[in-house]
K.L.:
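The structure's right below; bear with me while I get my questions together.
Just so we're clear, the structure is a prediction, and the values are computed from it rather than from any experiment. Hydrogens, waters and symmetry mates are skipped; everything else that's a heavy atom, side chains included, is used.
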Amino acid sequence: QVQLEESGGGSVQAGGSLRLSCASSGNTFSKVYMGWFRQAPGKEREGLAGIDPDGSITYANSVKGRFTISLDNEKRAHLQMNSLQPEDTAVYYCAAGLWILGRRASDLSSSNFRYWGQGTQVTVTS
């Protein structure tokens, strides 16, 4: 089992930045890949960025060039979000999957991520 807890959400004006963090715990045996998703009211959950234990990174076109995913030595995933716009308003989720059987973070579909955090609200005002 992998437990995930997000932090860093909040409210920011358009053009501003926020940094989300995700702490993982519970799994000490298998390597995991991690990703960030978001879900706005009335919309489907959207995969934003994923990172594998070997450092491979994938971004959705909607955030490429504005968002940066990273992984630190303490297995925390971070999402640096710059140039935020009102359409970025959503609940942001951290997710993880076991890096086995060919599974990789480059597949940003929700079904490829087994473990999920509770989510953190990001609100961008104009």
Side-chain angles (χ1 to χ4, degrees):
Q1 278 289 70
V2 177
Q3 290 80 45
L4 303 172
E5 183 174 1
E6 304 97 338
S7 61
S11 183
V12 64
Q13 288 189 328
S17 299
L18 281 174
R19 186 173 187 250
L20 305 181
S21 296
C22 176
S24 64
S25 62
N27 174 56
T28 58
F29 301 104
S30 302
K31 292 184 178 180
V32 297
Y33 54 82
M34 300 184 75
W36 287 96
F37 291 72
R38 68 184 178 190
Q39 189 165 20
K43 294 189 177 181
E44 294 188 355
R45 188 167 296 186
E46 176 189 13
L48 304 176
I51 185 167
D52 288 304
D54 63 2
S56 298
I57 291 174
T58 300
Y59 292 105
N61 288 333
S62 59
V63 301
K64 195 174 294 183
R66 297 191 300 129
F67 291 9
T68 302
I69 190 172
S70 61
L71 197 63
D72 66 26
N73 292 333
E74 297 184 7
K75 298 183 180 180
R76 289 178 300 197
H78 306 280
L79 186 69
Q80 177 66 41
M81 305 185 294
N82 298 328
S83 301
L84 286 164
Q85 299 301 317
E87 52 265 35
D88 293 315
T89 295
V91 177
Y92 283 69
Y93 297 90
C94 174
L98 297 180
W99 202 46
I100 58 174
L101 302 176
R103 292 182 179 268
R104 299 186 66 85
S106 55
D107 178 357
L108 289 175
S109 60
S110 297
S111 60
N112 189 43
F113 290 77
R114 181 175 179 178
Y115 306 102
W116 292 84
Q118 293 298 309
T120 185
Q121 177 70 42
V122 171
T123 302
V124 185
T125 58
S126 57

K.L.:
Do V122 and L20 make a side-chain contact, defined as non-hydrogen atoms from C-beta onward lying under 4.5 Å apart?
P.N.:
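In short, these two side chains touch, coming nearer than 4.5 Å.
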K.L.:
Taking it one step at a time, do W36 and C94 satisfy side-chain contact (heavy atoms from CB on, under 4.5 Å)?
P.N.:
CA-CA 5 Å; W36 287 96; C94 174; 4.0 Å; yes
K.L.:
For the CG atom of L108 and the CZ atom of R45, what is their distance to the nearest 0.5 Å?
P.N.:
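Answer rounded to 0.5 Å: 13.5 Å.
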K.L.:
State plainly whether one hydrophobic cluster holds both I57 and W99, where clusters connect Ile, Leu, Val, Met, Phe, Trp and Tyr through side-chain heavy atoms under 4.5 angstrom apart.
P.N.:
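Unlinked, I57 and W99 end up in two clusters.
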K.L.:
Determine the minimum heavy-atom distance between P86 and A14, stating which atoms define it.
P.N.:
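That would be CD-CB, 4.1 Å.
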K.L.:
Looking at CD of E6 and CD of Q118, how far apart are the two atoms once the value is rounded to the nearest 0.5 Å?
P.N.:
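Reported to 0.5 Å precision, the distance equals 7.5 Å.
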K.L.:
Would you please name every residue forming a side-chain hydrogen bond (donor to acceptor under 3.5 Å, both in side chains) with Q85, sequence neighbours left out?
P.N.:
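For Q85, no residue satisfies side-chain hydrogen bond (donor to acceptor under 3.5 Å, both in side chains) once neighbours in sequence are set aside.
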K.L.:
If you round to the nearest 0.5 Å, how far is SG of C22 from CG of L79?
P.N.:
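Result: 10.5 Å between the selected atoms.
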K.L.:
Output the distance between atom OG (S25) and atom CZ (R76), rounded to the nearest 0.5 Å.
P.N.:
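S25 atom OG to R76 atom CZ measures 12.5 Å (nearest 0.5 Å).
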K.L.:
If I compare all heavy atoms of L48 with all of S62, which pair ends up nearest, and what's the gap?
P.N.:
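Reported closest heavy-atom pair: CD2-OG, 4.5 Å.
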K.L.:
How about Y33 and S56: do any of their side-chain heavy atoms sit closer than 4.5 Å?
P.N.:
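A side-chain contact under 4.5 Å is absent here.
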K.L.:
I'd like to know if the side chain of T89 and the backbone of V124 have a donor-acceptor N/O pair within less than 3.5 Å.
P.N.:
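Yes, because the side chain of T89 sits within donor-acceptor range (under 3.5 Å) of the backbone of V124.
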K.L.:
Spell out, as yes or no, whether a donor-acceptor pair under 3.5 Å connects the side chain of Y59 to the backbone of I69.
P.N.:
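Yes; judged by distance alone, with no hydrogens or angles, the pair exists.
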K.L.:
Shortest non-hydrogen contact from Q39 to Y93?
P.N.:
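Minimum heavy-atom contact is CB-CE1, 4.2 Å.
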K.L.:
If I compare all heavy atoms of T123 with all of Q121, which pair ends up nearest, and what's the gap?
P.N.:
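The pair with the smallest heavy-atom distance is OG1-NE2, 3.4 Å.
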K.L.:
Find the distance between CG (L71) and CD1 (I51) and round it off to the nearest 0.5 Å.
P.N.:
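Atom-to-atom, L71:CG and I51:CD1 are 5.0 Å apart.
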K.L.:
Can you tell if the side chain of L4 reaches within under 4.5 Å of the side chain of M34, non-hydrogen atoms only?
P.N.:
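Counting from C-beta outward, L4 and M34 do come under 4.5 Å.
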K.L.:
Which heavy atom in S83 sits nearest to a heavy atom in S17, and how many Å separate them?
P.N.:
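Shortest heavy-atom separation between S83 and S17 comes out as N-OG, 4.3 Å.
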K.L.:
Taking salt bridge (Lys or Arg N to Asp or Glu O under 4.0 Å) as the cut-off, I'd like each qualifying pair that reaches into residues 90-105, sequence neighbours left out, listed once.
P.N.:
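Qualifying pairs, neighbours excluded: D52-R104, D54-R104.
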K.L.:
Would you say the side-chain atoms of D107 pair up with the backbone N or O of N112, donor to acceptor, closer than 3.5 Å?
P.N.:
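Answer holds: no.
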K.L.:
Is any side-chain heavy atom of F37 closer than 4.5 Å to a side-chain heavy atom of F113?
P.N.:
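A side-chain contact exists here, since the closest heavy-atom pair is under 4.5 Å.
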K.L.:
With no hydrogens and no angle check, is any side-chain donor or acceptor of S106 less than 3.5 Å from a backbone partner on T58?
P.N.:
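Such a contact is absent between S106 side chain and T58 backbone.
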K.L.:
Please report the shortest heavy-atom distance between A60 and G47, naming the atom on each side.
P.N.:
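Nearest pair, atom of A60 first, then G47: CB-O, 3.3 Å.
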K.L.:
For the residue pair Y92 and F67, does the interplanar ring angle fall in the parallel (under 30°), tilted (30 to 60°) or perpendicular (over 60°) class?
P.N.:
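Ring orientation, 0 to 90° scale: tilted.
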K.L.:
What residue pairs, at least two apart or across chains, pass salt bridge (Lys or Arg N to Asp or Glu O under 4.0 Å) with a residue in residues 84-101?
P.N.:
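Sorted pair list: R38-D88, R66-D88.
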K.L.:
If you round to the nearest 0.5 Å, how far is CD of E46 from OG of S110?
P.N.:
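One gets 10.0 Å once the value is rounded to the nearest 0.5 Å.
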